[in-house]
2 protein chains.
Amino acid sequence: MAVKVYKALADPTRRKILQLLRQKEMSAGELADHFESTKPTLSRHFSILREADLIQGNKQGTYIIYRLNVTVLEEAMWGMMDMFNVKPRGENE
Amino acid sequence: MAVKVYKALADPTRRKILQLLRQKEMSAGELADHFESTKPTLSRHFSILREADLIQGNKQGTYIIYRLNVTVLEEAMWGMMDMFNVKPRGENE
DNA sequence: ACTGTATTTAGTTATTTAGCTAAATAACGA
DNA sequence: TCGTTATTTAGCTAAATAACTAAATACAGT
């Protein structure tokens, strides 16, 4: 699992962004409306999530539509489970 | 999943500590031997892991034997999977 | 070309974090 | 009790992080 993913997940705002994007893709501003922080602050969070490859932005006119990289997130989670040798619920002897 | 767990996992040294303890319990010094950092530095990492309840120290004479709280780690992982709605490998439709 | 809207970049500040050395605490053996 | 060993606490510094405001960029519509 990429080192950057752990850092990305360490912040509650970024975790909430991921949860929001889990449901549907959203523009930067639409995402920002869910938080108290300013847009520049949110923008920085987006870039950290982008660097960890957890989200992806797509320019659509003047908007940037962000969507979750589901596969990357899932691989990251499984990788973390493997790393600590944790088995999924119900798969224990 | 407890907020402190994310912070605890964000540091590579602490992740390695958890991996070492997954294999067998170890004293603080024994753990410290696996790293370049000084013992006080490692001690601080232990306390962060203790606060997240991921490890537990047991005084044994002059030693402190640390062991992994397997259940807490597992619950944390599953909680994280749930939070992002990630299903275990092989359980996808 | 000009205006308005969406988003990011730059620059600053305050807080947190991880590292170090030196000192304190705790337990043991002589 | 004294000296030794194991570990933590205290105090400091440097680097990283998250927040803000103001300015820059990018694009659409007129």
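Computation of the quantities below employed the complete heavy-atom set of this structure, encompassing side-chain atoms and omitting hydrogens, waters and symmetry-equivalent molecules.
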If you assign each of B:Ser43 and A:Pro40 to its closest nucleotide in DNA chain D, which residue comes earlier from the 5' end?
B:Ser43

Between A:Arg50 and C:dT8, does any side-chain N or O lie under 4.0 Å from OP1 or OP2?
yes

Check every atom of D:dA18, C:dA6, D:dT17 against the side chain of A:Asp11 and return the nucleotide holding the closest atom.
D:dA18

Check whether any side-chain N or O of B:Thr38 sits under 4.0 Å from OP1 or OP2 of C:dC20, and answer yes or no.
yes

On DNA chain D, check which nucleotide each of B:Gly29 and A:Arg14 is closest to and give me the residue with the more 5' one.
B:Gly29

Minimum heavy-atom distance between B:Met26 and B:Leu21, given as atom pair plus value:
N-CD2, 3.8 Å

Do A:Arg50 side-chain atoms and A:Ile55 backbone N/O form a donor-acceptor pair below 3.5 Å?
no

What nucleotide, of D:dA6, D:dT21, C:dA6, holds the atom closest to the side chain of B:Thr62?
D:dA6

Donor-acceptor pair, A:Arg14 side chain versus A:His45 backbone, under 3.5 Å?
no

Heavy atoms only, 4.0 Å cut-off, all strands: where does B:Ser47 land among base, sugar-phosphate and nothing?
nothing

For A:Lys87, is there any backbone N or O sitting under 3.5 Å from a side-chain donor or acceptor partner on B:Trp78?
yes

Output the rounded distance in Å from NE2 (A:His45) to P (D:dA16).
18 Å

If you draw a 6.0 Å radius around OH in A:Tyr63, do more than 12 non-hydrogen atoms from other residues or ligands fall strictly inside?
no

Just to be sure I understand the rule, does B:Ser37 reach a base, reach only the sugar-phosphate, or reach nothing, if contact means heavy atoms closer than 4.0 Å?
sugar-phosphate

Which part of the nucleic acid, if any, lies within reach of A:Leu31 when heavy atoms closer than 4.0 Å are counted: base, sugar-phosphate only, or nothing?
nothing

Mind checking A:Phe35 for me? I need base, sugar-phosphate or nothing, with any heavy atom below 4.0 Å counting as a touch.
nothing

Out of C:dG19, D:dT8, C:dA10, which nucleotide sits closest to the side chain of B:Thr41?
C:dG19

Side-chain atoms of A:Ala28 come closest, of C:dG19, C:dT7, C:dT9, to C:dT7

Which listed nucleotide (D:dA6, C:dA10, C:dA18) is nearest to the side chain of B:Ile48?
C:dA18

Using atom CZ of A:Phe46 as one end and atom P of D:dA18 as the other, report the distance to the nearest whole Å.
14 Å

What nucleotide among C:dT8, C:dA26, C:dG19 has an atom nearest to a side-chain atom of B:Lys59?
C:dA26

Whether the side chain of B:Asn69 engages the backbone of B:Thr71 through a donor-acceptor N/O pair (distance < 3.5 Å, no angle test) should be reported.
no

Between P of D:dT21 and CG of A:Leu42, the distance in whole Å
13 Å

Let me know the distance between CD1 of A:Ile64 and P of D:dA28, rounded to the nearest Å.
12 Å

Answer yes or no: does a side-chain N or O of B:Tyr66 lie under 4.0 Å from OP1 or OP2 of D:dT8?
yes

Would you kindly give the CD-to-P distance between B:Gln60 and D:dT7, to the nearest whole Å?
12 Å

Can you tell me how far P of C:dA14 sits from CZ of A:Arg44, to the nearest Å?
17 Å

Rounded to whole Å, how long is the line connecting atom OH of A:Tyr6 with atom P of C:dA18?
15 Å

Interatomic distance, A:Ile65 CD1 vs D:dC27 P [rounded to whole Å]
14 Å

